[in-house]
2 protein chains.
Amino acid sequence: MERLVRLVREVSTAGEVSTTGAAVIARLGRLGGQRITDLARAEGVSQPAMTQLVNRLEGDGLVRRAADSADRRGVLVETTDRGREVIDARRTQRAEALEAALGRLDATDRAAIAAALPALDRLVDAVLDS
Amino acid sequence: MERLVRLVREVSTAGEVSTTGAAVIARLGRLGGQRITDLARAEGVSQPAMTQLVNRLEGDGLVRRAADSADRRGVLVETTDRGREVIDARRTQRAEALEAALGRLDATDRAAIAAALPALDRLVDAVLDS
DNA sequence: CACGATACATAAGCGTGTTATGTTGTTCGG
DNA sequence: CCGAACAACATAACACGCTTATGTATCGTG
C-alpha cells in the first residue's frame with residue numbers, strides 16, 4: 001500500500017507540464033479566461049506561485065496573458081491552441097495507460113472499481129473539505 | 001475529478017516529513033537496516049536523492065547511519081525511536097482523517113469502496129509495472 | 001596486484017512551492 | 001473629488017526535493 005507513493009510521484013512528474021499546470025490549462029479550457037488570483041485559489045497555491053506557473057506556461061506557449069478591460073490591474077489568462085493540444089494529448093495518454101492497466105485485471109476487479117467510482121469521487125470531496 | 005490534484009499535493013506536503021521520507025522510515029521499520037542504494041531503488045529515486053534525503057532525516061533525528069561491518073564502503077540506515085514515533089503518529093493521523101471522511105459518506109458508498117480495495121491495490125500494481 | 005565495478009558523497013542546476021515586499025490601479029468615505 | 005485603504009499582480013529571496021555529472025573510497029577478480 002505504500003507503493004502508492006511511487007505511483008503518485010511518477011504520475012505527477014511525467015509529461016511536459018506539471019499537474020498544477022495541467023489543471024490550470026484544463027480549467028481555462030473549461031471556463032475561459034481567469035485571473036491569476038482566482039486560479040491560485042482554485043488550485044490551492046499562493047498567488048506568487050500562480051504568477052510563476054503562468055510565466056512558465058506562457059514561455060512554453062501554452063497560455064497567454066490578455067489585458068482585462070474592466071480592471072487594468074488584473075490579467076486574464078487564456079489557453080492557446082497548443083495548450084489545448086497538450087492537455088488533450090496528456091488526457092488520452094493517461095486514459096490509455098489506465099485502460100491498459102485495467103486490462104490486466106480480471107472482470108471482477110474491473111466491476112468492483114467501476115462500482116466504487118462515484119463513492120470515491122465523493123470521498124475526495126470529503127477529504128478536501130477539511 | 002481534477003480536484004484530485006489538490007488532494008494529492010496537500011496530502012503530499014503535509015506533515016513533518018516528505019512522502020518519500022515517510023516511506024523510507026516505514027520500510028526501515030519493517031525490514032531493518034538498509035543500504036542507501038537499495039532504498040533509492042525501492043523508492044524509485046536516484047542514489048544522490050536518497051543520500052540527501054537520509055541527510056535530512058538524520059538531521060531531524062529520524063534515522064541513523066551505521067557502519068556496515070561487511071562492506072566499509074556502504075552504510076546501513078536504521079530508524080531511531082523518534083523516527084518510529086513520527087511515522088506512527090503520521091499513520092494514525094492519516095487514518096483518522098480517512099475515517100472522518102468516510103464517516104461523511106453513506107453506508108452504500110463505504111461498502112462500495114471497501115469492496116473495491118483489493119482491486120484497487122492490484123490496479124496500482126498494474127500501473128507501476130509499466 | 002592492478003583495474004574495473006560498486007557504494008556513497010558532493011556539486012551544480014531545475015522545478016515548484018513558500019513568505020515578504022513593491023508597484024500600480026481601484027474604491028470609497030470625509 | 002481626493003487621499004487612504006484595499007486589491008491584483010510582480011519580484012525577490014529562500015526551501016525542498018529531485019535530477020545528472022563527477023569525485024572518492026573500497027571491493028572483488030583476472
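In what follows, every chain begins at residue 1, and chains take the letters A, B, ... in the order their sequences are listed. Bear in mind that the values here come from a model prediction, so they are computed numbers and not experimental data.
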Could you pull out all residues at least two apart from [X] that satisfy side chain to side chain donor-acceptor pair (under 3.5 Å)?
X	answer
R35(A)	D68(A)
T51(B)	Q47(B)
R73(B)	D71(B)

hbond_proxy Q47(A) side chain to dA8(D) base (donor-acceptor, 3.5 Å cutoff):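 No pair found.
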Angle by which the axis turns from one end of the helix from dC1(C)-dG30(D) to dG30(C)-dC1(D) to the other, five pairs per end, to 10 degrees: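 Between the axes fitted at each end of the helix from dC1(C)-dG30(D) to dG30(C)-dC1(D) lies an angle of 0°.
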Partner residues of A101(A) under the side-chain contact (heavy atoms from CB on, under 4.5 Å) criterion, sequence neighbours left out: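 Here the qualifying residues are L123(B), A126(B), V127(B).
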All side-chain contact (heavy atoms from CB on, under 4.5 Å) counterparts of T37(A), not counting sequence neighbours: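 Here the qualifying residues are R41(A).
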Partner set under salt bridge (charged side-chain N to carboxylate O under 4.0 Å, His left out) for E85(A), not counting sequence neighbours: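 Per chain and number, E85(A) pairs via salt bridge (charged side-chain N to carboxylate O under 4.0 Å, His left out) with no residue.
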Rounding to a whole Å, what distance do you find between [X]:[atom1] and [N]:[atom2]?
X	N	atom1	atom2	answer
R35(B)	dA5(C)	CZ	C1'	14 Å
D68(B)	dA9(C)	CG	P	13 Å
N55(B)	dA15(D)	CG	P	16 Å
D38(B)	dA7(C)	CG	P	8 Å
L57(B)	dA9(C)	CG	P	13 Å
M50(A)	dT11(D)	CE	P	16 Å

Could you tell me whether the phosphate oxygens of [N], OP1 or OP2, come under 4.0 Å of any side-chain nitrogen or oxygen in [X]?
X	N	answer
S46(A)	dG17(C)	no
R41(A)	dA7(D)	no
T37(A)	dA7(D)	no

Which nucleotide sits closest to the side chain of [X]: [options]?
X	options	answer
V45(B)	dT18(C), dA10(D), dT19(D)	dT19(D)
T51(B)	dC18(D), dA10(D), dT10(C)	dT10(C)
R72(B)	dC8(C), dC27(D), dG25(C)	dC27(D)

Each nucleotide N or O in nucleotides 11-16 of chain C that has a protein N or O under 3.5 Å away: list the pair and distance.
from, atom 1, to, atom 2, distance (Å)
dT16(C), OP2, R56(A), NE, 2.8

Heavy-atom side-chain contact between I113(B) and L105(B) under 4.5 Å: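 When only atoms from C-beta onward are counted, L105(B) and I113(B) do touch, with a gap below 4.5 Å.
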Flag side-chain contact, heavy atom, 4.5 Å: E43(B) against R27(B):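 Counting from C-beta outward, E43(B) and R27(B) do come under 4.5 Å.
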Polar pairs (N or O, both sides) under 3.5 Å between protein and nucleotides 28-30 of chain D?
none

Side-chain hydrophobic cluster, 4.5 Å single linkage: members besides I25(A):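 Grouped by the 4.5 Å side-chain rule, V17(A), V24(A), L28(A), I36(A), L39(A), V45(A), M50(A), L53(A), V54(A), L57(A), L62(A), V63(A), V75(A), V77(A), V86(A), I87(A) form the rest of the cluster around I25(A).
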Under 4.5 Å side-chain linkage, directly or through intermediates, the cluster mates of L76(B):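 Taking Ile, Leu, Val, Met, Phe, Trp and Tyr as members, L76(B) stands alone, with no cluster partners.
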Between R64(A) and T80(A), a side-chain donor and acceptor under 3.5 Å: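 Their side chains do not contain a donor-acceptor pair, so the 3.5 Å distance test is not met.
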Any pair counted as salt bridge (Lys or Arg N to Asp or Glu O under 4.0 Å), so long as it reaches residues 14-25 of chain A, sequence neighbours left out: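 As it turns out, the salt bridge (Lys or Arg N to Asp or Glu O under 4.0 Å) pairs with a partner in residues 14-25 of chain A, which skip direct neighbours, are E16(A)-R82(A).
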